[in-house]
Amino acid sequence: MPPFSSRPHLQVRVIRDDVLCAPRPLHYNRRMADTVITRFAPSPTGALHVGGARTALFNWAYARRHGGKFFLRIEDTDRARSTEAAEEGILRDLDWLGIDWDNQGKEPRQSQRLDLYNAAIEKLRAAGLTTTEENGAVRFTMPNRDITFEDKVRDEVTFPAGQIEDFIIQKAPDREGKQYPTYHLAVVVDDAEMGVTHVLRGQEHLNNTPKHIALQEALGLPRPTYAHFGLIFNPDGSKMSKRDKAKAARAAALEHTTTCDQQQWFDALIQFQKQATSLYPDLPTGTQLTYDNLESFCNKQNDDLSIAKSIALNLKIELPEIDVKDFTLSGYLSTALCNYLALLGWNPGNDVEKFDNNFLAQNFSFDRCNKGDSRFDRDKLASFNADAIKAMNSNTLYQMIWNQPYNHNFFLHKDPNKTFGSADDPKFTTFCETYRERSKTLCDPLTQGAFFFVGYDEIQIDDKARKKVMDKNEGEGWKALEALKPVLEQLPEDGFGAAAHEKIKALAERMGVGMGKLAQPLRVAISGNTVTPPIDATLDILGKDKTLARIQQTLDEKPTC
RNA sequence: GUCCCCAUCGUCUAGCCAGGUCCAGGACAUCACCCUUUCAAGGUGAAGACACGGGUUCAAAUCCCGUUGGGGAUACCA
């Protein structure tokens with residue numbers, strides 16, 4: 001299965017102000033007596049964040065659990081920050097997560113239903129519940145009484161009278177004279193119009209609820225059932241935000257500049273971006289690197305993401321994953337991400353931890369939700385992911401490894417077909433099965449096993465490993481390699497790995513040494529490093545010809561003295 | 001500042017609502033040992049928490065009050 005499906009509804013859509021939908025009738029209260037209707041209402045101002053993903057997941061699960069409907073709605077009343085790219089990305093990410101919505105292709109877009117909001121505002125105005133600001137913005141007058149509501153995860157919540165101030169429900173006219181509602185008004189009108197019965201959202205909205213309730217009452221709209229979940233934070237308790245990426249890149253940059261000249265490095269970075277751009281179509285080209293913007297980035301004067309990414313690429317560090325897309329590119333399975341995310345705030349009890357969305361959809365309930373905030377632990381996610389990879393059937397695993405999109409990896413622009421004819425090549429099967437046991441992410445097989453895919457001259461040779469394994473003890477590694485070469489040469493190509501394993505074992509015995517004395521020099525010769533999968537599998541994947549060629553090429557580099 | 005919310009191992013949590021079966025269970029991480037040609041994986045085990053102080057009760061992680069700590073809101077952002 002390809003990582004992203006190409007369903008027709010995910011085609012690019014254009015957000016256009018000039019084609020406002022035909023006015024819809026104001027028919028609130030459409031809800032059926034006992035049909036659960038939930039919704040996820042992202043604002044397309046950025047990528048889908050893991051917090052948003054969890055909210056979507058819970059809303060989806062609750063609707064599915066009760067045989068109801070789950071709708072998507074686009075909250076694009078912030079015209080300056082909403083983009084079609086962001087909207088498209090959010091839909092694609094939800095799709096990737098396995099969350100389907102029941103109004104696909106017909107998602108309401110708030111910017112196109114101004115008539116609905118205007119009608120509501122008129123009603124409030126007629127009731128004398130609004131004041132108009134000098135600039136034309138409209139403010140709603142809060143009633144002067146306590147507002148109490150039942151929250152499904154934290155019981156009864158009361159806001160004392162006078163505590164919530166009057167608030168703006170319609171923004172001042174923009175340049176074209178158009179007036180957009182604020183979130184509060186739009187959310188209340190839309191939820192009613194869509195028949196939403198249950199509103200599940202993050203705790204950051206708890207304080208908004210009295211505003212929404214006051215509006216509902218003033219408009220004569222039904223009050224949905226509310227449930228507020230704790231928030232998700234970084235392991236250190238800070239807020240999970242896109243800025244974390246800039247922070248991480250900055251920290252790495254600052255550390256790096258303690259070991260080198262900053263000006264020189266900046267220069268190298270600028271050059272690097274130019275080269276990298278031609279190498280990687282996906283590379284951020286948004287910001288052209290300059291001394292100035294690099295300096296201001298390092299001085300915390302900007303958090304430019306493409307600068308951060310360029311630095312990360314150059315320094316070969318990983319930026320923290322924040323958005324769903326980040327996790328996709330880092331090689332996480334949607335099933336593992338959903339499972340882990342669901343566990344942040346909900347759990348089925350009985351020490352059950354591993355489950356899929358289907359299970360969630362059958363078991364999700366408010367009485368097993370937690371009230372507290374939680375911290376996002378990448379180690380645990382990685383562990384879930386590793387387990388999910390181990391549990392995959394072979395076919396799916398091959399496909400996933402083969403089709404995994406990458407954030408950045410130098411070797412990826414090499415051709416894996418140099419090594420494997422195709423995904424059907426038995427070598428590829430051995431490769432996948434070998435890395436299944438040792439991969440935390442879908443990127444691991446191709447990054448850790450990069451040496452399989454490149455020519456000898458492109459192998460990253462670890463000098464330390466070479467010194468330790470080859471040169472030490474008067475070059476015993478070189479001697480071992482020389483002894484190994486003729487033995488391997490005699491072996492058949494068919495079953496090369498297993499046969500080689502036998503021979504190496506026998507040879508080690510004859511020489512009176514441990515197997516490592518032979519296997520390690522061999523590893524270093526063929527991979528440049530001391531770490532590879534088991535030697536038999538490694539040799540099988542690489543094949544006899546390449547193995548022997550690499551041994552010879554390595555021997556050619558033997559120091560003469 | 002004001003208001004709202006929250007509080008069990010480092011982290012996610014079970015247990016709490018219907019007090020005794022909890023000197024608190026699981027998972028991730030950590031450490032040790034086993035396995036082992038490297039790295040993993042796997043196996044076994046160890047260490048590790050009821051924030052604090054008052055009540056109520058024969059009995060409190062569980063109920064009540066307070067303190068402290070953390071988070072959220074206080075936008076013509078959602």
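Naming: A, B, ... by sequence-line order, numbering from 1 per chain.
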### Message
Between A/Phe366 and A/Tyr62, is the ring centroid distance below 6.0 Å?
### Response
yes
### Message
Using side-chain contact (heavy atoms from CB on, under 4.5 Å), reason through A/Arg375 and A/Asp236 one step at a time and then give a plain yes or no.
### Response
CA-CA 8 Å; A/Arg375 299 177 183 210; A/Asp236 67 359; 5.5 Å; no
### A/Lys380 charged N/C atom sitting above A/Tyr340 aromatic ring, 6.0 Å / 45°
no
### Message
Give me the distance, rounded to whole Å, that separates B/rU11 from B/rU68 when you measure between the P atoms they each carry.
### Response
22 Å
### Summary
Residue set satisfying side chain to side chain donor-acceptor pair (under 3.5 Å) with A/Gln520, at least two apart, ordered chain then number -> A/Arg523
### Summary
Across all chains, not counting sequence neighbours, the salt bridge (Lys or Arg N to Asp or Glu O under 4.0 Å) partners of A/Asp191 are A/Arg39, A/Arg73
### Task
Scan A/Ser43 against the nucleic acid and name what it touches under 4.0 Å (heavy atoms): base, sugar-phosphate only, or nothing.
sugar-phosphate
#### Entry: Electrostatic pair A/Glu476:A/Lys479 at N-O distance under 4.0 angstrom
no
Quick one: side chains of residues 482-491 of chain A, donor-acceptor pairs under 3.5 Å with protein atoms, not counting sequence neighbours, listed by atom name and distance.
from	atom 1	to	atom 2	distance (Å)
A/Glu482	OE2	A/Lys558	NZ	3.3
A/Lys485	NZ	A/Gln552	OE1	2.5

### Task
Could you tell me whether A/Ser439 contacts a base, only the sugar-phosphate backbone, or nothing, with contacts defined as non-hydrogen atoms closer than 4.0 Å?
nothing
### Message
Does anything in residues 229-248 of chain A come within less than 4.0 Å of RNA chain B? Heavy atoms only, and list the residues if so.
### Response
A/Leu231, A/Phe233
### Query
So which of residues 501-516 of chain A are in contact with RNA chain B, with a heavy-atom cut-off of under 4.0 Å?
A/His501, A/Met515, A/Gly516
## Note on the structure
With the side chain defined as heavy atoms from C-beta on, A/Phe159 is closest, among B/rG42, B/rC3, B/rC6, to B/rC3
#### Entry: Residues that A/Arg550 engages under salt bridge (Lys or Arg N to Asp or Glu O under 4.0 Å), provided they are two or more places apart
none
### Task
Using the C1' atom as the reference point in each nucleotide, state the distance between B/rA24 and B/rC64 in Å, no decimals.
23 Å
### Query
Mind checking the C1' distance from B/rC17 to B/rA49? Whole angstroms is fine.
22 Å
### Query
Among all residues two or more places apart in sequence or in another chain, which pass the side chain to side chain donor-acceptor pair (under 3.5 Å) test with A/Lys245?
A/Asp326
### Query
Among the nucleotides B/rU38, B/rC4, B/rU37, which one has an atom lying closest to any side-chain atom of A/Val531?
B/rU38
### Heavy-atom donor-acceptor pair, A/Glu437 side-chain to B/rG42 base, under 3.5 Å
no
### Query
Are A/Phe58 and A/Phe229 an aromatic pair by the rule of ring centers under 6.0 Å?
yes
### Query
Mind checking the C1' distance from B/rU67 to B/rU44? Whole angstroms is fine.
45 Å
### Task
Tell me which nucleotide among B/rG42, B/rC4, B/rA78 gets nearest to the side chain of A/Lys390.
B/rG42
### Message
Is it true that A/Ser527 and A/Asn529 share a donor-acceptor pair across their side chains at a distance under 3.5 Å?
### Response
no
### Task
Using salt bridge (Lys or Arg N to Asp or Glu O under 4.0 Å) as the criterion, list what pairs up with A/Asp244, not counting sequence neighbours.
A/Lys247
### Query
When only distance counts, do a donor and an acceptor, one from the side chain of A/Asp373 and one from the base of B/rG71, lie under 3.5 Å apart?
no
### Task
Would you classify A/Gly349 as touching base, sugar-phosphate or nothing, given that sugar-phosphate means primed atoms plus P, OP1 and OP2, and contacts are heavy atoms under 4.0 Å?
nothing
### Message
Can you list, in residue-number order, the parts of residues 339-346 of chain A that come under 4.0 Å of RNA chain B, counting heavy atoms only?
### Response
A/Leu343, A/Leu344, A/Gly345
### Task
Output the single nucleotide from B/rU37, B/rA78, B/rG42 whose closest atom is nearest the side chain of A/Ile535.
B/rU37
### Message
Just to be sure I understand the rule, does A/Thr532 reach a base, reach only the sugar-phosphate, or reach nothing, if contact means heavy atoms closer than 4.0 Å?
### Response
base
#### Entry: Where protein sits on nucleotides 26-35 of chain B, one letter per nucleotide: B base, S sugar-phosphate only, - none, heavy atoms under 4.0 Å
BBBS------
### Query
Considering only heavy atoms and no angle criterion, is a donor-acceptor pair shorter than 3.5 Å present between the side chain of A/Arg375 and the base of B/rC12?
no
### Query
Under the salt bridge (Lys or Arg N to Asp or Glu O under 4.0 Å) test, which residues partner A/Glu437, sequence neighbours left out?
none
### Nearest-angstrom distance, C1' atom, B/rU57 to B/rG20
11 Å
#### Entry: ring-ring contact (aromatic ring centres under 6.0 Å, His included) partners for A/His501, two or more places apart
none
### Message
Side chain of A/Arg154 only, heavy atoms from C-beta on: which candidate in B/rA14, B/rC39, B/rC5 is closest?
### Response
B/rC5
### Query
Looking only at side chains, do A/Asp190 and A/Gln110 share a donor and an acceptor under 3.5 Å apart?
yes
